[in-house]
Amino acid sequence: MSSSLHECCLKRSEAIRNEFPMLSVVENGHPMVYFNNAATAMTPKSVINAMTEYYEEYGVNIARGVDAIGYRATHLFEATRVKVADFLGAERSDSVVFTRGTTAALNLVCSSFGNLVVEAGDEIIVSGGEHHANYIPWQQLAKNKGAQLVLAELDEDGKVTPEALQKAMTPKTKLVALFHISNVMGAVHDVKALAKVAHDGGAYFVCDGAQGIVHDQINVVETDVDFYAFSGHKLFGPTGVGVLYGKYDLLKRMPPIEFGGEMISLVDVYDTTFADPPHRFEAGTMPIAEVIGLGKAIDYVNRYGYCAMQRRVEYLTSIAVEKLQAQPNVTIYNPHNYASGIICFNIEGIHPHDAAGIYDREGISLRAGHHCSQPMMRELKQFATLRASLAFYNTEEEVERFVEATEMAGDFLDILF
Amino acid sequence: MSSSLHECCLKRSEAIRNEFPMLSVVENGHPMVYFNNAATAMTPKSVINAMTEYYEEYGVNIARGVDAIGYRATHLFEATRVKVADFLGAERSDSVVFTRGTTAALNLVCSSFGNLVVEAGDEIIVSGGEHHANYIPWQQLAKNKGAQLVLAELDEDGKVTPEALQKAMTPKTKLVALFHISNVMGAVHDVKALAKVAHDGGAYFVCDGAQGIVHDQINVVETDVDFYAFSGHKLFGPTGVGVLYGKYDLLKRMPPIEFGGEMISLVDVYDTTFADPPHRFEAGTMPIAEVIGLGKAIDYVNRYGYCAMQRRVEYLTSIAVEKLQAQPNVTIYNPHNYASGIICFNIEGIHPHDAAGIYDREGISLRAGHHCSQPMMRELKQFATLRASLAFYNTEEEVERFVEATEMAGDFLDILF
Amino acid sequence: MSKQRKWQVISLTYSSNQSQKDNSANAQLFKKIIMDHYRNPRNKGLVEDDEYVTIFLRNPSCGDDLTVQVKANGDKIESIRQYGTGCSICCSSASMMSELLASKTLTEAAQLINQFYLMVEAKPYDEEALGDAISLQGVAKLPQRIKCATLGWKACEEALGKIQEEQADDSASK
Amino acid sequence: MSKQRKWQVISLTYSSNQSQKDNSANAQLFKKIIMDHYRNPRNKGLVEDDEYVTIFLRNPSCGDDLTVQVKANGDKIESIRQYGTGCSICCSSASMMSELLASKTLTEAAQLINQFYLMVEAKPYDEEALGDAISLQGVAKLPQRIKCATLGWKACEEALGKIQEEQADDSASK
Ligand SMILES: Cc1ncc(COP(=O)(O)O)c(C=O)c1O
Ligand SMILES: Cc1ncc(COP(=O)(O)O)c(C=O)c1O
Ligand code: FES
Ligand code: FES
């Protein structure tokens with residue numbers, strides 16, 4: 001990580017801000033403050049340019065035929081697989097499957113692997129802090145199989161401790177599916193410890209890394225997760241692409257769930273033999289530009305280094321939390337979780353969407369709603385919350401403006417006039 | 001279609017060539033001749049720019065919250081749905097589901113609808129001319145259900161006539177899945193007549209429009225297809241996006257097959273109620289930039305008009321076929337199918353990939369292989385073929401260079417030196 | 001302040017060219033009306049009564065929901081109830097709707113609902129007819145909040161449709 | 001033309017600075033060698049014999065496939081058979097492989113396979129050792145065809161691995 005910037009440099013660096021074109025957007029007359037990074041992060045120029053280059057210079061299909069232009073596309077596509085594997089600390093690149101996103105990746109594990117291993121009477125453990133993408137698939141699988149969905153207990157920070165997971169485990173537990181970082185509470189799981197508890201109890205461990213990949217370097221070998229999923233668009237990459245990492249011997253056992261071009265070995269009239277992983281799970285034309293763009297996003301993260309990004313996010317989040325806490329009508333549901341840049345809060349007596357209207361008027365983009373986690377809302381006993389989510393390219397001034405806007409939230413009807 | 005260009009204008013128009021940056025690529029020292037349009041078409045600037053604009057100006061998530069920037073993204077995304085519906089002649093835009101591509105769309109129909117309606121003992125009709133994406137899903141469904149996969153007979157052009165379909169129909173036929181235009185033979189189906197035969201026999205009709213959408217305007221209401229699938233990247237749009245059109249009342253009956261954000265209505269601990277179509281089938285973050293790009297591609301096609309494109313493709317294909325036929329060692333498997341721009345051929349005694357090497361050296365990009373249709377290869381009794389596929393932006397000069405390269409194919413070992 | 005009077009003020013303000021000051025006076029009035037409906041919602045709370053047609057609607061863009069109950073007597077609306085979780089626009093709008101449409105005929109109600117839709121879509125509409133609801137005209141410049149504002153009206157529209165269906169069924173079976 | 005002689009020509013050509021003419025003469029010779037293996041493949045056709053280890057490999061980028069059979073006696077290869085559908089590079093390469101590796105020891109064969117990989121990846125390799133196969137050195141500038149050229153060698157490599165496994169098992173069980 002020798003090439004990564006130190007915090008001080010990062011702070012001063014206009015260069016970083018220039019790399020993200022969306023940072024210059026003016027929203028309702030104000031330079032936009034984008035505090036909705038946990039929904040979708042901004043995309044640096046290098047990623048956008050790489051995709052434009054694909055469409056302008058070698059925008060062809062991959063893995064089909066042997067001409068030079070097709071080889072360039074195929075090569076860059078497959079080189080990205082290697083890059084992703086390195087990024088995750090995976091031992092082999094063919095344990096990296098490209099998907100449409102985290103949701104598709106988790107659904108793939110569930111409908112293929114889950115369907116294979118879970119039987120009636122088994123138990124599947126999730127938490128109430130899961131995003132719907134890591135909750136509903138398991139819930140539906142349990143329902144269809146006659147298995148039992150079990151919710152591990154959350155502590156007050158919104159995470160499952162290894163002890164809590166241990167308590168939820170029984171001899172019937174077949175699989176544990178938990179987030180790496182929560183998208184509502186920003187809680188950070190000790191993935192390695194949780195995976196160990198699961199494995200020691202004879203269960204598989206699936207990790208939803210949609211938020212985790214952004215803020216916390218994962219090593220799939222050290223943590224020993226069986227599956228890990230994430231999306232491009234949250235990691236400064238494009239929409240339409242995501243990754244499922246799986247241990248190769250597990251992938252190897254999994255049947256494909258989509259059928260089409262490039263995933264077959266031999267198609268006979270009444271049956272088909274399928275290619276090995278990862279291609280077995282990559283039917284049809286892949287999101288080629290998007291995979292290449294994701295590779296550039298990973299280059300970007302590697303260039304700056306997790307360390308510098310993390311420090312910056314924690315710093316910004318801590319001052320935002322401190323200033324918000326000074327406002328008596330603000331309730332912060334996760335006052336201790338700085339690492340993810342996520343602040344989950346409400347303003348007393350003001351519907352979160354009404355408050356969001358004021359933030360919007362002030363050019364501040366954040367999110368109001370259930371954040372695709374109705375189970376978590378139930379745990380918080382809220383219909384909805386506000387969520388500010390910060391990235392390393394945000395600034396103190398932006399935090400200031402955010403806090404000021406919070407003070408105006410009571411005038412929510414003003415937006416109508 | 002008043003704004004579409006006439007053929008003469010189209011032919012002369014440098015402007016068109018300038019709209020496709022990839023047309024200026026130099027390949028192995030020659031200006032590239034791209035005759036691989038059936039695999040993936042080139043992307044015009046307007047499409048690339050629209051996606052860049054998304055990432056630079058409003059690259060946020062959709063359908064979440066109510067701020068202005070999110071509204072812009074959501075609005076453009078949903079406006080594209082209306083545009084696609086209009087383009088297909090569909091009556092309502094909520095019968096348009098966005099997917100990762102044709103393959104994902106056909107798999108969705110198969111695993112959700114097919115799984116719902118097909119029972120043991122039923123018959124599913126496909127043809128040997130299908131792309132794997134419209135063959136293997138049905139084959140596997142039949143296998144899993146104990147249903148029977150039936151192949152309708154192809155005529156010498158490589159298509160199923162309404163009479164041939166009629167012959168294949170039995171009272172057990174539950175579903176018919178056929179291409180609109182074949183990706184190997186370029187044969188064009190009479191979709192309306194085939195759908196009628198299927199419906200009269202009490203079966204559903206699924207149409208694979210991956211190639212058809214490019215060359216033949218479809219009206220889903222007039223043809224009365226139950227489902228129609230296509231990809232963005234073949235229609236001058238981006239990778240990573242496709243469309244499933246379905247009759248709304250059929251979509252309404254279908255269970256979702258992927259679970260996650262934005263496709264739910266209410267998530268309870270042990271069960272979930274799902275949103276109405278199309279969102280029921282659009283779990284998680286969609287390929288937002290790609291959908292917006294697809295909308296621009298449709299604008300592009302609408303601007304020029306099918307009519308002008310078709311005439312141009314037919315004209316270029318007919319001269320290419322004529323000139324190839326003058327070469328004694330060339331066998332053309334589909335000498336009568338000009339409409340699709342697809343020429344399926346082999347050169348006697350030369351492995352298609354060896355020939356492709358010479359074309360590549362000459363800067364000509366075409367495809368060799370089984371074209372993701374091993375059943376069709378069996379029908380042709382070939383391991384593989386060459387396939388040139390032309391688009392309206394190709395030129396007579398390019399056809400000339402293609403024919404000249406064909407004459408050199410015998411020197412295929414030259415590429416090694 | 002009688003309803004009558006409110007209407008006058010409003011139509012006055014909106015039929016002439018206004019100074020900045022008038023405008024903000026107007027805004028103050030409108031805000032008061034909205035806040036009043038938000039804090040003291042009319043016809044809030046549901047009833048268990050088979051004579052009511054009940055419609056549950058969810059706003060997909062935020063996840064909030066609203067239930068509207070309508071009871072008709074012949075071609076006249078007798079009572080409207082409403083209950084839900086929503087933002088100020090949604091809740092106040094539902095309250096205004098319930099007040100405005102109660103005791104109207106089915107046809108009149110349908111027309112008023114349409115007028116409301118026209119207003120929030122920034123199209124010409126009949127200001128005189130909408131009562132308190134014209135205080136929500138600012139929604140026209142917040143397209144992303146149209147769904148909030150119309151949720152109650154949509155629910156009522158669906159309820160009216162159902163009532164008419166039922167009435168048609170009844171008279172057919174007679 | 002004896003094998004010995006072919007090697008000489010080749011190593012000569014490649015150890016000195018060549019004129020354009022030498023180069024093209026060389027190309028002509030290489031082409032002849034490749035074409036000869038393509039048209040008259042050595043050891044082509046499979047046998048039904050349990051003493052052979054059989055490996056079937058598919059080239060995923062084109063769908064072609066190749067089957068290689070290897071029979072060993074102790075640490076020596078006794079016979080190699082090959083059969084498949086592939087392009088000229090694939091088929092000729094498999095033929096050259098079958099000729100070169102037959103009668104080598106397992107260790108020698110493994111080393112030669114490695115030399116071949118080095119050659120097509122444009123890395124330094126031992127020209128003297130590869131026999132006719134050096135005629136395929138041009139593959140090094142066609143990365144998209146490396147899979148074609150190496151398919152036969154990969155299959156043989158897998159067969160050798162399997163043979164060694166079997167021998168290890170055998171000696172363990174003794
Ligand atoms: C006829 C046909 N069907 C289906 C497909 C699959 O499309 P995609 O790879 O975009 O999913 C193709 C493209 O190769 C095709 O030509
Ligand atoms: C924790 C978590 N899991 C899963 C997802 C789903 O990701 P996507 O919408 O990219 O499929 C998200 C994003 O919203 C998330 O935050
Ligand atoms: S934000 Fe939910 S109804 Fe207005
Ligand atoms: S092209 Fe298939 S092996 Fe060479």
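Labels below follow one simple rule: chain letters A, B, ... track the order of the sequence lines, proteins then strands, and each chain is numbered from 1.
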Chemist: Go through the atoms of Y359(A) and report whether side chain, backbone, both or neither lie under 4.5 Å from a heavy atom of chain B.
Modeler: neither
Chemist: Where the side chain of Q374(A) meets the backbone of V267(B), is there a donor-acceptor pair that is under 3.5 Å apart?
Modeler: yes
Chemist: Tell me which of these, Q140(A), K143(A), M51(A), has more heavy-atom pairs under 4.5 Å with chain B than the rest.
Modeler: Q140(A)
Chemist: Which bit of E56(A) is near chain B, if near means a heavy-atom gap under 4.5 Å: side chain, backbone, both or neither?
Modeler: both
Chemist: Taking ring pair (Phe, Tyr, Trp, His ring centres under 6.0 Å) as the definition, give me every residue that meets it alongside F77(B), ordered by chain and number, with sequence neighbours left out.
Modeler: F98(B)
Chemist: Under a plain distance cut-off of 3.5 Å, with no hydrogens placed, do S365(B) and D67(A) share a side-chain donor-acceptor pair?
Modeler: yes
Chemist: Which region of E27(A), side chain (C-beta onward) or backbone (N, CA, C, O), has a non-hydrogen atom less than 4.5 Å from a non-hydrogen atom of chain B, or is it both or neither?
Modeler: side chain
Chemist: Taking every non-hydrogen pair under 4.5 Å, which of P137(B), C110(B), A384(B), G128(B) racks up the most with chain A?
Modeler: P137(B)
Chemist: Using non-hydrogen atoms only, which part of L366(A) is less than 4.5 Å away from chain B: side chain, backbone, both, or neither?
Modeler: backbone
Chemist: Under 3.5 Å, is there a donor-acceptor pair between the side chain of R387(A) and the main chain of N183(A)?
Modeler: yes
Chemist: Using a 3.5 Å distance criterion without hydrogens, assess whether the side chain of D208(A) forms a donor-acceptor pair with backbone atoms of N134(A).
Modeler: no
Chemist: Under 4.5 Å from any heavy atom of chain B, what part of P238(A) do you find: side chain, backbone, both or neither?
Modeler: both
Chemist: What are the residues of residues 42-50 of chain B, in order of number, with any heavy atom under 4.5 angstrom from a heavy atom of chain A?
Modeler: T43(B), I48(B)
Chemist: With a 4.5 angstrom heavy-atom cut-off, which part of L108(B) approaches chain A: side chain, backbone, both or neither?
Modeler: neither
Chemist: Can you tell me which portion of V60(A) sits under 4.5 Å from chain B's heavy atoms? Options are side chain, backbone, both or neither.
Modeler: both
Chemist: Pick one of side chain, backbone, both or neither for T272(A), based on which atoms fall under 4.5 Å of a heavy atom in chain B.
Modeler: both
Chemist: At a heavy-atom distance under 4.5 Å, which candidate from V126(A), I364(A), N107(A), T103(A) has the highest pair count against chain B?
Modeler: N107(A)
Chemist: Tell me, side chain or backbone of N37(A) under 4.5 Å from chain B's heavy atoms, or both, or neither?
Modeler: neither
Chemist: Which atoms of A104(A) are under 4.5 Å from chain B, going by heavy atoms: the side chain, the backbone, both sets, or neither?
Modeler: both
Chemist: So does D360(B) get a backbone contact from the side chain of N28(B), meaning a donor-acceptor N/O pair under 3.5 Å?
Modeler: yes
Chemist: Any salt bridge linking R72(A) with E53(A)? Criterion: basic side-chain nitrogen under 4.0 Å from a carboxylate oxygen.
Modeler: yes
Chemist: For chain A, which of T52(B), V269(B), V25(B) has the most heavy-atom pairs under 4.5 Å?
Modeler: V269(B)
Chemist: Measure distances from D271(A) to the heavy atoms of chain B and classify the residue's part below 4.5 Å as side chain, backbone, both or neither.
Modeler: both
Chemist: So which of M263(A), R361(A), E57(A), M32(A) has the largest heavy-atom pair count under 4.5 angstrom toward chain B?
Modeler: E57(A)
Chemist: Quick check against the 3.5 Å criterion: does Q139(B) have a side-chain atom that pairs as donor or acceptor with the backbone of D268(A)?
Modeler: yes
Chemist: Which one of A283(A), G101(A), P375(A) has the most heavy-atom pairs closer than 4.5 Å to chain B?
Modeler: A283(A)
Chemist: Does the H353(B) side chain pair with the main chain of A368(B), one donor and one acceptor, at a distance under 3.5 Å?
Modeler: yes
Chemist: Would the distance check show the side chain of Q211(A) and the main-chain N or O of A38(A) forming a donor-acceptor pair, the cut-off being under 3.5 Å?
Modeler: yes
Chemist: Quick one: what part of L149(A) sits under 4.5 Å from any heavy atom of chain B, side chain, backbone, both or neither?
Modeler: both
Chemist: For chain A, which candidate among A133(B), S111(B), G242(B) shows the most heavy-atom pairs at distances under 4.5 Å?
Modeler: A133(B)
Chemist: Taking the side chain from H371(B) and the backbone from S373(B), do they hold a donor-acceptor pair closer than 3.5 Å?
Modeler: no
Chemist: Which one wins on heavy-atom pair count under 4.5 Å against chain A: T239(B), V291(B), I288(B), I264(B)?
Modeler: T239(B)
Chemist: Can the ring centres of Y135(B) and F259(A) be said to be less than 6.0 Å apart?
Modeler: no
Chemist: So does F274(A) have more than 12 non-hydrogen atoms from other groups sitting under 6.0 Å from CZ?
Modeler: yes
Chemist: For the pair T102(A) (side chain) and S231(A) (backbone), establish whether a donor and an acceptor sit closer than 3.5 Å, ignoring hydrogens and angles.
Modeler: yes
Chemist: Do E262(B) and C372(A) have side chains that approach each other closer than 4.5 Å (heavy atoms only, starting at C-beta)?
Modeler: yes
Chemist: Is D354(A) reaching over with its side chain to a backbone N or O of F412(A), donor-acceptor style, under 3.5 angstrom?
Modeler: no
Chemist: Which atoms of L23(A) come close to chain B, meaning under 4.5 Å heavy atom to heavy atom: side chain ones, backbone ones, both, or neither?
Modeler: neither
